[in-house]
Amino acid sequence: MFINRKFALLITESNTMKYHFNEIEAKWQKYWAENQTFKAENYSDKPKYYVLDMFPYPSGAGLHVGHPLGYIASDIYARYKRHKGFNVLHPQGYDSFGLPAEQYAIQTGQHPAITTAENIKTYRRQLDQIGFSFDWSREVRTSDPSYYKWTQWIFIQLFNSWYNNNSDKAENISELIKIFEAEGNTNVNAECDDDIEAFTVEEWNCYSSEKKQEILLKYRLTYLAETEVNWCPALGTVLANDEIVNGVSERGGHPVIRKKMTQWSMRISAYAERLLQGLETIDWTDSLKESQRNWIGKSVGASVTFNVLPNVTLSAVEGSHKIDVFTTRPDTIFGVSFMTLAPEHELVSKITTPEQKAEVEAYIEATAKRSERDRMADVKTISGAFTGAYAEHPFSKKPIPIWIGDYVLAGYGTGAVMSVPCGDQRDYDFAKHFNIPIPNIFEGVDISEEAFADKDNTIIANSDFLNGLTYKKAVKTAIYELEKLGQGKGKTNYRLRDAVFSRQRYWGEPFPVYYVNGMPQMIDAKHLPIELPEVEKYLPTETGEPPLGNATVWAWCTETNTVVDNDKIDNKTIFPLELNTMPGWAGSSQYFNRYMDPQNDKEIFSQDAINYWQQVDLYIGGSEHATGHLLYSRFWQKFMFDLGLVPYDEFAKKLINQGMILGTSAFVYRINEKPEFFVSGEVFNNYNDSEKRIETLNFIQEFTGLSLESIQLDEIHVDVKYVNASNEIDVPSFRNWMKEFKYEHIKFITTKEEQEKDIVKVNRDVEKMSKSKYNVVNPDQICIDYGADSLRLYEMFLGPLEQYKPWNTAGITGVHSFLKKLWKLYNDDNGLKVTDAAPTKDNLKTLHKTIKKVEEDIENFSFNTSVSTFMIACNELTAQKCTSKQILEPLLVLISPYAPHIAEELWNQLGHDSSISLADFPKFDESHLVESTKNYPISFNGKMRFTMELALDLSKDDIEKAVLANDKTKEQLQGREPKKVIVVPGKIVNIVG
RNA sequence: GCAGGAAUGGCGAAACGGUAAACGCACUCGACUUAGAAUCGAGAAACUGGGAGUUCGAAUCUCUCUUCCUGUACCA
C-alpha cells in the first residue's frame with residue numbers, strides 16, 4: 001500500500017466516473033465556507049440545539065487521529081439535528097493561553113502569540129479538511145484581548161461579590177457594606193475566611209479605609225490571601241490541586257513543594273453544596289459525577305472543642321489553649337484515648353512540654369524532610385511523638401494525651417483529630433504501635449484484632465448517656481450534649497479547597513488589578529481589556545517576581561485610565577499593576593456562553609442570546625477534565641446564575657466522554673551484543689515459545705556467531721508508517737528512517753517462511769499514541785490517501801464512542817471500499833444511473849429498516865453500528881440492482897451526517913441546487929417492514945436445531961402443530977414425548993423434553 | 001482500601017431474555033489481469049473470563065470469584 005500510492009491514483013484519475021474523494025471533498029468544503037452553510041442565527045422559528053466540543057489547546061504537534069474522535073461524533077449529531085429541523089449551534093475555538101507556547105518562548109525568544117497563531121493555523125487547516133460543520137463566524141480564542149476582556153470582567157464581578165449563606169447565593173459586596181454600616185458583622189452568615197473578628201457598627205465606622213478593605217477581602221468571592229500553595233520550581237509557578245498528579249506536575253512531571261505565597265484565590269468552597277447537589281440534575285456520566293463528588297468530599301459530623309489542660313511546667317505560656325477537631329463519629333466520643341495533631345499544627349510548639357521538646361522537634365524535622373510524595377507512597381509506617389500535654393475530655397473530664405503524627409493531614413479539617421482507636425483503623429494502628437490504651441465502646445464487638453467501623457451495626461457501650469444507642473441516635477445525642485456544653489456543634493466538612501487563581505507566568509490573562517498601599521483595586525470594567533504587556537524575557541525577574549515584572553510599561557494611571565510606564569509610579573495617581581496572570585482554566589470557564597454572542601463588545605453576551613440558546617444541550621470531551629475545567633465551569637455558571645446573567649445554573653445538560661484512540665505500535669528486536677542484527681517479530685515469538693526456543697537460539701547463533709548465553713533481544717519500535725496491513729515492514733524505508741539510528745546496513749534474521757516470501761514481520765501491541773512510540777497517525781495523510789469521509793466513518797466504525805480502542809490504519813480499507821461501492825450504486829462508467837423507476841418491496845424494506853436503525857443509533861450515540869448498517873444497506877441495494885431515486889435519495893440524507901462530502905456530491909448529481917444539510921431526515925414507515933412469514937428458530941431445550949418458515953398469522957396452537965408434525969422434530973426427539981412446547985409467536989419455538 | 005467501567009474469533013466489534021459472532025480487518029482459495037497492493041466471487045475458524053442461581057430459554061438478570069482499565073485516597 002505504501003509502495004505505490006501514486007500508481008493507484010493515476011488509475012483512478014484515468015476514469016472520470018470514479019469516486020474522486022480529494023476533489024469532491026475540497027469542492028464541498030469550499031462551498032460550505034463560501035455559503036456559510038452552518039452559520040447559526042440567534043433567532044429562529046425552529047427549536048434550538050447546542051452541540052459543543054471541548055475546545056482544543058493548539059499544540060505545536062497538530063492533530064493526530066485520536067483528537068478528532070469527539071469532534072466527529074458531535075458533528076454527526078449536529079448535522080443530524082439540522083436534518084431533524086433544529087436550529088443548531090455548533091461552534092469551535094481555541095483555548096490558546098498555556099504553558100507550551102510560553103516554554104517555547106523562553107527557549108527561543110519567540111513571542112507566544114506568534115507561536116500560538118501559527119499553531120492555530122495548522123489546527124484550522126486540519127479541522128477544515130475533516131469537513132466539520134462548525135460555525136466559524138463564532139470562533140473564540142482565549143488569548144484574544146476581545147475575549148479575555150470578559151474573563152477579566154468576570155473576575156471583577158467575583159471580586160465585587162460575597163456569599164450570603166442565608167439567601168444561599170452570591171450578592172453584591174455593597175449589600176454587605178450596608179449590613180456592616182447598619183449592624184456590624186455579628187449577624188452576617190457568610191462564606192468567608194476563618195479568622196474574622198467580630199465588630200460593631202461603631203467599630204466599623206472607625207476603621208480606616210485600608211482596614212475596611214482588608215476585612216472585605218475576607219468575604220469576597222475572589223480574594224488575596226497568603227496561602228500554602230503547590231510551588232513547582234521547574235515551571236516557576238504555582239499549580240492547582242488538579243494540576244498535580246501523584247505529587248508531581250501534570251505537565252512535565254516536575255516535583256512540587258509546599259510554599260507560602262500571597263495569591264488570588266477563588267472561593268469555590270462557598271459553592272461546594274450546590275456543586276454537589278447540581279450533579280443530580282445533569283445527565284453526565286456516572287464516573288465523572290463520582291469524581292466530582294469525591295473531589296468535593298462532603299462529610300457530615302461535628303466539630304468538637306477540647307481544652308488543653310494547663311501544665312505547671314508551662315506557666316510561662318499563659319492562656320488556655322483549645323483544640324478544635326472535626327469528626328464524622330461524635331457517637332464515639334467516649335472512645336477517645338488520645339488526640340493527634342498534624343506535625344505542622346500551630347499549637348504544637350505552644351503546648352509541648354520541655355521534657356518532650358527534643359523528641360517533638362526531631363519528629364517535625366524528620367517529617368518536613370519527607371516529600372509529599374514519600375508520605376503518600378508510604379502509608380504503612382506508623383510514626384509520631386508525644387507532646388507531653390493533655391487535653392480534657394468534654395464529658396468525662398479525664399486527661400487525654402496529645403500526640404503528633406503525620407497520618408493527620410494539616411490541610412484537611414482542622415489538622416487535628418480525636419483518636420478513637422476502637423472505631424478507626426488508623427487510630428487503632430497508632431495506639432497499638434505506641435501502646436496507648438484502646439477502650440472498647442461497642443456492645444458485643446471484639447476489637448482485639450482490628451477497629452470496628454461498621455456504623456450500621458453499632459450499639460454504643462461504656463459511654464455514659466450514650467449507652468445502648470444506635471449510631472444515628474448516638475450522633476444526635478452527642479451533638480446535642482456538646483452544644484449544651486458549648487464545646488461542639490454539628491458540622492459538615494468539605495474536602496474541596498478554595499482554588500488558587502494566580503500563576504507566575506507570562507502567557508495568561510493579566511489581572512485588572514492595581515495596588516494602592518498594598519491593597520488590591522479593581523480597574524473599572526469600562527477600561528477593559530487590560531492587555532498583556534510586552535516583555536524582554538519570559539522568565540521570572542532576578543528578584544523572583546513573575547515574568548510581568550520584566551515589563552517596563554506596566555503601571556496604572558488613575559487619571560487617564562491607561563497603562564503607563566513603570567517610571568511614572570508615584571503611588572498617588574499612578575500605581576503598580578498586578579504581576580501574576582490567571583490560570584489556564586480561567587478562559588475555559590465561560591467560553592460556552594460567549595459562543596452565543598461572541599462579537600458583543602458591550603456585554604459578555606446579550607440576554608436575548610443567552611435566553612435563546614440557554615445552555616449546552618450536548619457537550620462532548622475527554623474525562624481528564626473531570627475535576628478541573630468541568631468543576632470550575634460549573635462554579636462560574638452558578639455564580640453567573642446568582643447574578644441573574646444566565647437562565648440555568650448548570651451550563652451543560654448532557655455530557656459524553658469520548659474514549660481515547662490508542663496506537664498500535666510495531667516492534668522488531670535487536671540483538672543486544674550485535675546491534676547490526678535484528679530479529680523479526682515471528683522469530684521473537686518462536687524465541688519466547690518454550691518448545692521452539694532452543695531451535696530459535698541455534699538459528700540466531702548461526703547468523704551472529706554469538707554464544708547461546710549472550711543472546712539478548714531488545715524491543716525496538718518501528719514507525720507504523722513503514723508497516724502494512726499484513727504486519728510486513730517496508731525494509732528499504734526502515735533502513736533510511738532516521739540517520740542517527742544507523743539502520744542502513746542492518747541485517748534481519750527471519751523465519752524460513754519469511755525468507756521464502758522475502759518479508760519481515762513485526763509484532764504489534766497497543767499503547768498510548770505518542771511520538772516516542774512511533775505509533776502516531778496523522779489525519780492529514782489519511783485524508784490524502786482515503787479522504788475525510790473515510791476518516792470520519794472509520795473513527796466511528798472502530799467501536800463505541802466512550803470506549804478506549806486501538807487505531808489500526810489497515811482497517812480503513814473496509815470503510816473506504818464501502819464508499820466506493822456506495823458511489824457505484826449511483827454511478828457506472830456512463831455516469832449517473834439513478835432512475836425514476838418505482839422501488840421494489842425489497843428496496844423499500846432495506847431503506848426503511850436502515851432509517852429506523854440509523855435514527856435509533858444516533859439518538860443513542862451508537863455511531864459504530866450505524867456504519868455497519870450503511871454497509872449492509874449498500875450491499876443489499878447493490879444486490880437488488882436498485883436504481884430508484886425514491887430509495888437512493890433518502891439514503892443519502894441518512895449517510896450525510898457521517899460522510900457529508902460524498903453525500904453532497906451525489907445529492908448534487910441528483911439535481912439538487914441546495915446543500916443536503918438542509919434536507920429533511922427521511923420518515924420511517926413501519927408498513928414496509930411488515931412480513932407475512934417468519935423463519936422460526938426451532939429449539940430443543942434451548943438449543944437451536946433448525947429453522948422453519950411459517951406464516952406470522954398462525955395461532956400458537958397452529959404453530960405447535962406444524963412444528964411437531966415436522967420430520968426434523970421427530971428426528972430430534974427420537975421417540976421422546978415433549979414435556980412442554982413454548983411458542984412465542986414471531987420469535988421462537990422451544991421444545992422441552 | 002474505596003468508587004466507576006470492562007472481559008465475546010487472530011484483531012476491532014454486533015446481538016429487545018429468543019437462530020451468538022452481524023459489519024469490517026487479517027487469513028485461505030478462485031476469477032479478471034503482464035501484474036495486484038485494485039475489483040469481483042467463494043471459504044474456514046472460534047460457543048461469550050471461571051463457578052453457581054433464576055428461566056422453557058442467559059453474552060444479556062442475580063450472587064460469587066478472577067483478571068484488566070480509569071479515577072481517587074492516611075479525608076478523621
Side-chain angles (χ1 to χ4, degrees), chain A residues 1-5 7-8 11-12 245 285-291 293-295 297-299 301 325-329 332 340 375-376 378-382 405-409 411-420 423-427 429-430 493-495 623-624 626-627 657 659-660 664 724-727 764 766 793-794 797-800 802-815 817-818 820-821 824 862 864-865 867-872 875 935-947 978-984 986-993:
Chain A
M1 174 205 329
F2 42 79
I3 297 170
N4 216 337
R5 188 178 299 128
F7 183 55
I11 291 176
T12 312
V245 179
T285 59
D286 286 339
S287 66
L288 204 149
K289 287 191 197 181
E290 198 55 33
S291 292
R293 279 189 203 108
N294 286 338
W295 197 259
K298 181 181 183 178
S299 47
V325 301
F326 172 74
T327 176
T328 54
R329 297 294 303 270
T332 64
T340 316
R375 266 171 84 165
M376 270 162 62
D378 175 24
V379 299
K380 292 279 178 284
T381 313
I382 294 159
D406 71 358
Y407 81 96
V408 176
L409 304 177
Y412 183 75
T414 60
V417 300
M418 60 174 225
S419 303
V420 183
D424 182 288
Q425 194 59 42
R426 290 157 303 170
D427 296 344
D429 295 340
F430 194 87
N493 208 38
Y494 298 91
R495 197 178 74 101
S623 56
E624 66 272 22
T627 51
N657 293 128
M660 198 185 287
T664 311
N724 73 5
S726 307
N727 293 337
R764 294 282 201 168
V766 174
L793 282 174
Y794 189 52
F797 188 67
L798 283 176
E802 295 94 331
Q803 211 160 292
Y804 279 54
K805 57 229 158 191
W807 176 272
N808 190 354
T809 303
I812 201 171
T813 54
V815 292
S817 54
F818 155 70
K820 285 195 276 194
K821 276 186 223 168
K824 283 201 232 160
S862 172
N864 54 325
T865 47
V867 181
S868 310
T869 304
F870 293 139
M871 290 174 173
I872 293 166
N875 290 344
N935 198 20
Y936 278 92
I938 313 299
S939 310
F940 292 82
N941 299 318
K943 302 255 180 296
M944 203 281 289
R945 295 301 177 198
F946 60 90
T947 59
K979 284 184 193 133
K980 203 172 174 185
V981 179
I982 313 284
V983 178
V984 185
K987 288 244 156 95
I988 198 167
V989 178
N990 189 19
I991 298 165
V992 187

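Only heavy atoms go into these numbers, but all of them, side chains included; no hydrogens, no water, no symmetry mates. Per chain, numbering begins at 1; letters A, B, ... match sequence-line order.
Residue A:N864 places at least one side-chain N or O closer than 4.0 Å to OP1 or OP2 of B:A14. Between A:Q803 and B:A13 there is a side-chain polar atom (N or O) within less than 4.0 angstrom of OP1 or OP2. For B:A76, one of the phosphate oxygens OP1 or OP2 lies less than 4.0 angstrom from a side-chain nitrogen or oxygen of A:S299. At B:A76, one or more side-chain N or O atoms of A:Y412 fall inside 4.0 Å of OP1 or OP2 (strictly under the cut-off). Between A:K820 and B:U39, a side-chain N or O to OP1/OP2 separation shorter than 4.0 Å is present. For the pair A:K980 and B:C56, the criterion of a side-chain N or O lying under 4.0 Å from OP1 or OP2 is met. Between B:A73 and A:R495, a contact under 4.0 Å exists linking OP1 or OP2 to a side-chain N or O. The phosphate of B:C75 (OP1 or OP2) has a side-chain N or O of A:R426 nearer than 4.0 angstrom.
Using atom C1' as the reference point in both B:C16 and B:U60, the two lie 10 Å apart (nearest Å). Taking atom P on both B:U8 and B:A59, the two are 15 Å apart, rounded to the nearest angstrom. Spacing of C1' atoms, B:U54 relative to B:G12, comes out at 34 Å, to the nearest Å. As rounded to the nearest Å, B:C47 and B:U28 have C1' atoms that lie 23 Å from one another. B:A7 sits 14 Å from B:U62 when the P atoms are compared, rounded to a whole Å. Taking atom C1' in both B:A20 and B:G57, the straight-line distance is 14 Å, to the nearest Å. The C1' atoms of B:G49 and B:A6 are separated by 11 Å, rounded to the nearest whole Å. To the nearest whole angstrom, the two P atoms, one in B:A14 and one in B:A21, are 15 Å apart.
The listed nucleotides are B:A14, B:A3, B:C74; the one nearest the side chain of A:P800 is B:A14. For A:K824, taking side-chain heavy atoms from C-beta onward, the closest of the listed nucleotides B:C25, B:C40, B:C75 is B:C40. Of all nucleotides listed (B:C75, B:U39, B:G12), B:G12 comes nearest to the side chain of A:P806. Closest to the side chain of A:T865, from the set B:C74, B:U39, B:A15, is B:A15. Of the listed nucleotides (B:C74, B:A26, B:G12), B:G12 has the atom at the smallest distance from the side chain of A:F797. The side chain of A:K821 has B:G24 as its nearest neighbour among B:C56, B:G24, B:C74. The A:T328 side chain lies nearest to B:A76 when the options are B:G18, B:A76, B:C74.
Taking CD1 from A:I382 and CZ from A:F430, the interatomic distance works out to 8.5 Å, rounded to the nearest 0.5 Å. With rounding to the nearest 0.5 Å, the separation of NZ in A:K980 from CD1 in A:I991 is 13.5 Å. One distance of note links CG of A:L288 with CG of A:N657; it measures 5.0 Å at 0.5 Å rounding. Between the CD atom of A:E802 and the CE atom of A:M660 there is a distance of 14.5 Å, given to the nearest 0.5 Å. A distance of 5.5 Å separates CZ in A:R495 from CH2 in A:W295, rounded to the nearest 0.5 Å.
Taking atom CD1 of A:I872 as the reference point, atom P of B:A13 lies 18 Å away to the nearest angstrom. Rounded to whole Å, atom P of B:C23 lies 8 Å from atom CG of A:N875. Nucleotide B:C75 holds its P atom 15 Å from the CH2 atom of A:W295, rounded to whole Å. The nearest whole Å value for the distance from the CE atom in A:M871 to the C1' atom in B:G24 is 5 Å. When rounded to the nearest whole Å, the span between CG of A:N808 and C1' of B:A13 equals 14 Å. A:M944 has its CE atom 15 Å from the P atom of B:A58, to the nearest Å. Atom CD1 of A:I988 is separated from atom P of B:C16 by 15 Å (rounded to the nearest Å). For the pair A:Y494 OH and B:U72 C1', the interatomic distance rounds to 20 Å; values are reported in whole Å.
With 3.5 Å as the limit, one finds a donor-acceptor pair spanning the side chains of A:Y407 and A:D427. Side-chain N/O atoms of A:S419 and A:T340 include a donor and acceptor closer than 3.5 Å. Checked by atom type, the side-chain pair A:T865/A:S862 shows a donor-acceptor distance below 3.5 Å. Side-chain contact, A:Y794 with A:T813: no donor N or O sits under 3.5 Å from an acceptor N or O.
Using a 4.0 Å heavy-atom cutoff across all strands shown, A:V992 reaches sugar-phosphate atoms only and no base atom. Base engagement by A:S868 is indicated by at least one non-hydrogen atom pair under 4.0 Å involving a base atom. Within the 4.0 angstrom heavy-atom criterion, no nucleotide atom of any strand lies near A:D427. Looking at heavy-atom distances under 4.0 Å, A:N990 makes contact with a base.
Summarising the base pairing, B:A44 is matched to no nucleotide, lacking a Watson-Crick or G-U wobble pair whose two defining distances lie under 3.5 Å. Summarising the base pairing, B:U39 is matched to B:A31 through a Watson-Crick or G-U wobble pair whose two defining distances lie under 3.5 Å. In this structure, B:G57 forms no base pair with any nucleotide, since neither Watson-Crick nor G-U wobble geometry is met with both distances under 3.5 Å. Across all strands shown, B:U62 forms a Watson-Crick or G-U wobble pair, both distances under 3.5 Å, with B:A52. The pairing partner recorded for B:G1 is B:U72, the criterion being a Watson-Crick or G-U wobble arrangement whose two distances lie under 3.5 angstrom. The base-pairing partner of B:C25, taking Watson-Crick or G-U wobble contacts with both distances under 3.5 Å, is B:G10.
Mapping A:Y804 and A:G415 onto RNA chain B via the closest heavy atom, the residue that lands nearer the 5' end is A:Y804. In terms of position along RNA chain B, the nucleotide closest to A:G799 lies nearer the 5' end than the nucleotide closest to the other residue of the pair A:G799 and A:G811.
One can find a donor-acceptor pair under 3.5 Å joining the base of B:C16 and the side-chain atoms of A:K987.
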